[in-house]
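This is a predicted model, so every value here is computed, not measured. Order of the sequence lines sets the chain letters (A, B, ...), proteins ahead of strands, with each chain counted from 1.
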Number of protein chains: 2
Amino acid sequence: MDLFVSKYINKIDKKGRVSLPSSFRNVLPKANRNEIILYKSIKTPSIEGCGVGRLKEIAKRINNLDFFSEDYDDFSTSIFSEIITTNIDKEGRFLIPEELKLYASIKTEAAFFGQGHYFQIWEPKKGQKNTEDSRRRLLKEKKSLRMMLTQQK
Amino acid sequence: MDLFVSKYINKIDKKGRVSLPSSFRNVLPKANRNEIILYKSIKTPSIEGCGVGRLKEIAKRINNLDFFSEDYDDFSTSIFSEIITTNIDKEGRFLIPEELKLYASIKTEAAFFGQGHYFQIWEPKKGQKNTEDSRRRLLKEKKSLRMMLTQQK
DNA sequence: CATATACCCATTGACGCCCATATAATCCCA
DNA sequence: TGGGATTATATGGGCGTCAATGGGTATATG
């Protein structure tokens with residue numbers, strides 16, 4: 001499986017380390033399996049993460065913008081300076097920077113939610129509530145959910 | 001990682017030395033790991049820096065402007081003639097020239113902002129404010145920032 | 001000779017690496 | 001197929017190394 005799926009709740013130890021779920025580690029390319037990038041989610045009080053490969057794609061995209069435009073600076077500031085790379089140790093653990101923990105209200109436990117090509121890290125209770133809310137929103141438009149699930153090809 | 005990423009705030013000591021963040025040093029090619037270039041940012045009161053290799057890229061960008069335009073002269077004058085090369089000592093520190101510190105209002109602390117293929121050095125508070133402003137501008141076009149981050153392939 | 005800058009050494013705290021354990025998952029063979 | 005044995009994962013902790021920082025001294029450069 002090359003997608004981040006499922007949900008896991010892991011503990012953060014005294015040193016601030018937390019295990020990246022094993023199934024998530026396996027999604028990372030063998031080449032860069034010991035490094036991930038983290039950044040604040042745009043829409044929710046959660047942290048998003050993925051392998052570094054994705055960052056290189058983003059870099060390429062930004063590089064294609066007009067170098068002297070304001071957008072160029074805005075994108076590169078909002079993205080590059082806000083992205084944090086963090087190393088995964090031999091046991092599969094990594095450190096969540098203090099600033100990101102604050103942003104997501106994470107203290108002693110971290111809930112990992114697979115999101116396909118990336119994943120989110122939530123404070124467990126908030127994550128749970130978010131799941132319920134988003135399901136509720138979807139059900140309001142049952143039709144579109146049904147379409148999503150049953151649509152062929 | 002071969003990109004300048006993340007944000008760091010380092011102290012400037014009595015002698016004017018400041019550490020280039022370790023992760024930034026690692027971006028520099030092993031060959032010229034003890035030398036960087038600095039210049040005034042065109043658009044903001046900050047200093048921009050990168051490895052010497054990047055000079056060629058900058059030249060290319062400027063060359064792509066209309067040769068007879070005013071911009072061409074302005075850019076090539078503002079950038080090339082003002083570029084300063086600086087050496088990094090054994091401990092990874094370097095000196096920020098007085099003129100550049102003045103330009104960026106930097107006194108006792110320097111905030112390093114990764115920008116992909118280069119980085120910016122700001123007076124911490126101004127840098128913080130710039131990040132917020134730039135994010136605010138982008139959020140007005142929510143779609144584009146989200147696209148930048150989540151678009152596949 | 002005076003000032004600026006490079007090199008050397010020292011300190012502190014953070015982080016990575018190693019080893020250890022408990023629980024859970026998987027295997028394997030009789 | 002049952003159940004012990006093996007392996008993997010999550011977690012805890014010791015310790016060495018490295019990054020950031022401070023300061024003394026040599027060296028250069030005008």
Side-chain angles (χ1 to χ4, degrees), chain A residues 1 4-28 30 32-38 49 52 84-102 106-114 119 121-124 127, chain B residues 1 4-28 30 32-38 49 52 84-102 106-114 119 121-124 127:
Chain A
M1 174 57 59
F4 299 105
V5 295
S6 210
K7 184 184 100 173
Y8 306 87
I9 296 181
N10 288 342
K11 293 197 172 88
I12 297 176
D13 70 18
K14 290 182 210 165
K15 295 184 178 181
R17 299 173 299 188
V18 62
S19 290
L20 183 68
S22 163
S23 84
F24 284 17
R25 298 202 295 268
N26 291 328
V27 177
L28 305 174
K30 325 89 225 133
N32 295 75
R33 185 150 288 183
N34 58 344
E35 198 176 24
I36 56 173
I37 66 172
L38 301 173
V52 295
I84 288 159
T85 70
T86 183
N87 290 44
I88 298 179
D89 72 17
K90 299 262 168 92
E91 283 74 37
R93 295 174 289 194
F94 67 100
L95 296 171
I96 305 178
E98 210 50 47
E99 190 188 345
L100 293 185
K101 280 201 281 192
L102 268 175
I106 290 172
K107 303 213 172 55
T108 63
E109 286 189 322
F112 294 81
F113 290 84
F119 58 87
I121 311 175
W122 287 79
E123 187 285 317
Chain B
M1 177 55 55
F4 298 105
V5 171
S6 268
K7 186 185 93 170
Y8 305 87
I9 297 181
N10 288 344
K11 294 197 171 90
I12 297 177
D13 70 19
K14 291 182 209 166
K15 298 183 181 180
R17 300 173 297 187
V18 62
S19 290
L20 184 68
S22 163
S23 84
F24 284 17
R25 297 202 295 266
N26 290 330
V27 177
L28 305 174
K30 326 88 225 133
N32 296 73
R33 185 150 287 184
N34 59 344
E35 193 177 18
I36 56 173
I37 65 174
L38 300 174
V52 292
I84 292 166
T85 73
T86 302
N87 290 60
I88 298 178
D89 73 17
K90 299 262 168 93
E91 282 75 36
R93 293 175 289 195
F94 67 100
L95 296 170
I96 305 178
E98 210 49 48
E99 188 191 347
L100 294 184
K101 279 202 281 193
L102 269 175
I106 289 172
K107 303 211 171 56
T108 63
E109 286 189 321
F112 293 82
F113 289 81
F119 57 87
I121 311 174
W122 287 78
E123 187 285 317

Under the side-chain contact (heavy atoms from CB on, under 4.5 Å) test, which residues partner B/Leu102, sequence neighbours left out? none
Going 5' to 3' on DNA chain C, which nucleotide is the first and which the last to come under 4.0 Å of a heavy atom in chain B? C/dT5 to C/dC9
Over all heavy atoms of both residues, which pair between A/Ser23 and A/Tyr8 is shortest? Give the atoms and the distance, please. OG-OH, 3.0 Å
Would you say the side-chain atoms of A/Asn10 pair up with the backbone N or O of A/Ser19, donor to acceptor, closer than 3.5 Å? yes
Taking all non-hydrogen atoms of both residues, which atom of B/Ala111 and which atom of B/Pro124 are closest, and how far apart? CB-CA, 3.8 Å
To the closest 0.5 Å, what do you measure between CD (A/Glu91) and CZ (A/Arg25)? 9.5 Å
What contact category does B/Ser22 fall into here, base, sugar-phosphate, or nothing, at under 4.0 angstrom with non-hydrogen atoms? sugar-phosphate
Just jot down the ring pair (Phe, Tyr, Trp, His ring centres under 6.0 Å) partners of B/Phe4, sequence neighbours excluded, or say none. B/Phe24, B/Phe119
With each end axis built from five pairs of C1' atoms, what bend angle do you get for the helix from C/dC1-D/dG30 to C/dA30-D/dT1? Round to 10°. 50°
B/Asn26: what forms a side-chain contact (heavy atoms from CB on, under 4.5 Å) with it, not counting sequence neighbours? B/Ser22, B/Arg33
Which heavy-atom pair separates B/Val18 from B/Lys11 by the least distance, and what is that distance? CG2-O, 3.5 Å
Restricting to side-chain hydrogen bond (donor to acceptor under 3.5 Å, both in side chains), what partner residues turn up for A/Thr86, sequence neighbours left out? none
Sequence neighbours excluded, the answer for side-chain contact (heavy atoms from CB on, under 4.5 Å) partners of A/Glu35 is A/Asn32, A/Val52, A/Thr85, A/Asn87, B/Met1
Of the options B/Ile121, B/Leu38, B/Ile106, which is the one that meets B/Leu100 in a side chain to side chain contact (heavy atoms under 4.5 Å, CB included)? B/Leu38
What's the separation between atom CD1 in A/Ile88 and atom CG in A/Leu20, rounded to the nearest 0.5 Å? 5.0 Å
By a strict heavy-atom criterion of less than 4.0 Å, which residues belonging to residues 87-102 of chain A are in contact with DNA chain D? A/Glu91, A/Arg93
When you measure from every atom of DNA chain D, which of residues 8-17 of chain A have a heavy atom less than 4.0 Å away? A/Asn10, A/Lys11, A/Asp13, A/Lys14, A/Lys15, A/Arg17
A/Asp13: side-chain hydrogen bond (donor to acceptor under 3.5 Å, both in side chains) partners, not counting sequence neighbours: A/Arg17
Set of residues satisfying ring pair (Phe, Tyr, Trp, His ring centres under 6.0 Å) with respect to A/Phe94, sequence neighbours excluded: none
For a 4.0 angstrom threshold against heavy atoms of chain A, report the outermost contacting nucleotides of DNA chain D in 5' to 3' order. D/dT9 to D/dC15
Minimum-distance pair of heavy atoms, taken over all atoms of A/Ile12 and A/Lys107: CD1-O, 3.6 Å
